[in-house]
**Student:** 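Okay, here's the structure, questions in a sec.
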Amino acid sequence: MVFDGKKLAEEIKASLLQETATYPEKYGRVPCLSVLLVGDDYGSQRYVASCEKDAALAGLDCRVIRMSQDSTEQQVLEQLEILNNDNTVDGILIQMPLPKQVNTEHIIAALNPAKDVDGVTNTNVANLWKQKRSDYSRFCVPCTPRSAMRILKAAGIDLDGKNAVVVGRSNIVGLPVSKLLMNENATVTVAHSHTKNLPALLRNADIIVAAIGKAKFITSDMVGDDAVIVDVGINSDPETGKMCGDVDFANVADRCTMITPVPGGVGPLTICSLMENTRDCFLRNR
Ligand code: NDP
């Protein structure tokens with residue numbers, strides 16, 4: 001099965017739209033996401049434009065604060081403080097990467113954890129690692145891992161006792177997704193660039209989550225029959241220049257029980273998770 005992330009994303013946005021339509025009467029307004037966009041990174045501009053479009057489709061308010069590439073750390077901190085204290089802002093996304101002169105850790109440390117829609121603050125990282133079962137209503141987990149889990153659930157994949165291999169150990173994808181898989185009772189191995197004999201690990205895996213950032217890195221000889229694969233990677237195909245994942249989709253797909261394509265798999269759901277996290281902050285902070 002090739003998982004249709006676009007279709008699920010449309011369904012989630014339609015359902016959010018129905019839900020948020022009732023909010024003005026119930027709560028006086030709809031949830032508001034504020035995106036802090038510092039600088040002119042091309043990928044960031046495109047992502048934020050998609051956030052604005054999808055927020056409208058989900059019935060959320062989205063305010064983008066644009067700051068110039070040469071903004072100082074102090075200026076970014078001051079802007080963030082305004083958003084932290086603004087009662088009409090429920091969720092804050094600090095769009096990465098930040099310009100070189102702005103220390104990312106200093107900015108994350110200043111973000112109000114109650115408005116941290118991508119689960120990046122120390123408080124929310126600790127919350128994630130302490131909870132034994134996934135309960136998304138209590139605090140925000142990072143959007144892409146939440147989406148990966150949403151896909152597995154929507155596809156009806158039973159994770160209990162399964163061997164899962166997560167390739168990649170970043171704070172924003174690999175590590176949180178490994179914890180969410182553990183919460184569902186999968187036995188999880190986290191692989192990285194120093195892992196020995198990755199193909200042998202992957203061939204034994206029931207579930208593979210690829211978050212590497214290397215085009216078509218996982219080839220058909222590395223994957224066992226009937227694997228379930230969630231491909232988080234976003235890369236440019238060196239042969240065609242088109243977007244592709246970390247998995248060699250054309251040669252792997254027909255051997256899998258389920259695989260997510262790139263584009264059209266995890267990507268469309270990441271912004272949905274951002275909207276859901278914003279909605280959840282709104283409801284929690286009331
Ligand atoms: P990072 O660069 O932070 O992490 C990449 C990870 O891959 C590292 O842990 C690295 O290991 C590991 N790795 C690199 N080379 C190998 C190798 N040869 N064998 C095994 N592991 C290796 O990337 P991110 O986690 O931020 O992103 C991963 C991918 O996901 C990227 O393509 C990114 O664009 C995409 N992405 C997609 C999103 C979406 O919504 N679809 C959202 C966020 C990211 P080590 O730690 O040892 O260096």
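Numbering of ligands and ligand atoms starts at 1, following listing order. What you see is a predicted model, and the numbers here were worked out from it, not measured in a lab.
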**Student:** Just to confirm my output: which protein heavy-atom neighbour is closest to atom 4 (O) of ligand 1, and how far is it?
**Tutor:**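 For this ligand atom, the closest protein heavy atom is S170 CB, 3.9 Å.
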
**Student:** Quick one: nearest non-hydrogen protein atom to atom 20 (C) of ligand 1, plus distance?
**Tutor:**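 Minimum-distance protein heavy atom for atom 20 (C) of ligand 1 reads H192 O, 3.1 Å.
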
**Student:** Give a yes/no verdict on a cation-pi contact between R286 and F282, requiring under 6.0 Å between NZ or CZ and the six-membered ring centre and an angle within 45° of the axis.
**Tutor:**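 Judged by the rule, R286 and F282 form a cation-pi pair.
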
**Student:** Can you establish whether the number of heavy atoms outside K100 located under 6.0 Å from its atom NZ is more than 12?
**Tutor:**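 No - once you tally the heavy atoms of other residues, nucleotides and ligands closer than 6.0 Å, there are 12 at most.
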
**Student:** Are any of the N or O atoms of I234 closer than 3.5 Å to those of ligand 1?
**Tutor:**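 Yes.
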
**Student:** Which atoms from ligand 1 have a heavy atom of N235 less than 4.0 Å away?
**Tutor:**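 Every atom of ligand 1 under 4.0 Å from some heavy atom of N235: 32 (O).
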
**Student:** Under 3.5 Å between some N or O of ligand 1 and some N or O of H194?
**Tutor:**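 No - when backbone and side-chain N and O of H194 are compared with those of ligand 1, no distance drops under 3.5 Å.
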
**Student:** Note the single closest protein heavy atom to atom 9 (O) of ligand 1, along with its residue, its atom name and the distance in Å.
**Tutor:**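 Here the closest protein heavy atom is R169 N, 2.8 Å.
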
**Student:** Should one rank G43, S273, G267, S193 by closest heavy-atom distance to atom 48 (O) of ligand 1, which comes out on top?
**Tutor:**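 Considering heavy atoms of G43, S273, G267, S193, the nearest to atom 48 (O) of ligand 1 sits in S193.
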
**Student:** Under a 4.0 angstrom heavy-atom cut-off, which atoms of ligand 1 come close to K214?
**Tutor:**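 Numbered from 1, ligand 1 contributes 15 (N), 18 (N).
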
**Student:** Considering G213, A215, S236, G174, which one's heavy-atom position lies nearest to atom 31 (C) of ligand 1?
**Tutor:**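 Considering heavy atoms of G213, A215, S236, G174, the nearest to atom 31 (C) of ligand 1 sits in G213.
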
**Student:** Of the side chain and backbone of V173, name the one, both, or neither that has a heavy atom under 4.0 Å from an atom of ligand 1.
**Tutor:**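 It is the side chain that touches ligand 1; the backbone stays farther off.
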
**Student:** Taking 4.0 Å as the limit for heavy-atom contacts, which would you say applies to T195 with ligand 1: side chain only, backbone only, both, or neither?
**Tutor:**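 The answer is neither; T195 stays 4.0 Å or more away.
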
**Student:** Minimum distance, heavy atoms only, to atom 37 (C) of ligand 1: which one of L202, V166, I212, V232 is it?
**Tutor:**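 Looking at heavy atoms only, the winner is V232.
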
**Student:** Yes or no: does A211 have any heavy atom under 4.0 Å from an atom of ligand 1?
**Tutor:**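 Under 4.0 Å: yes for A211.
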
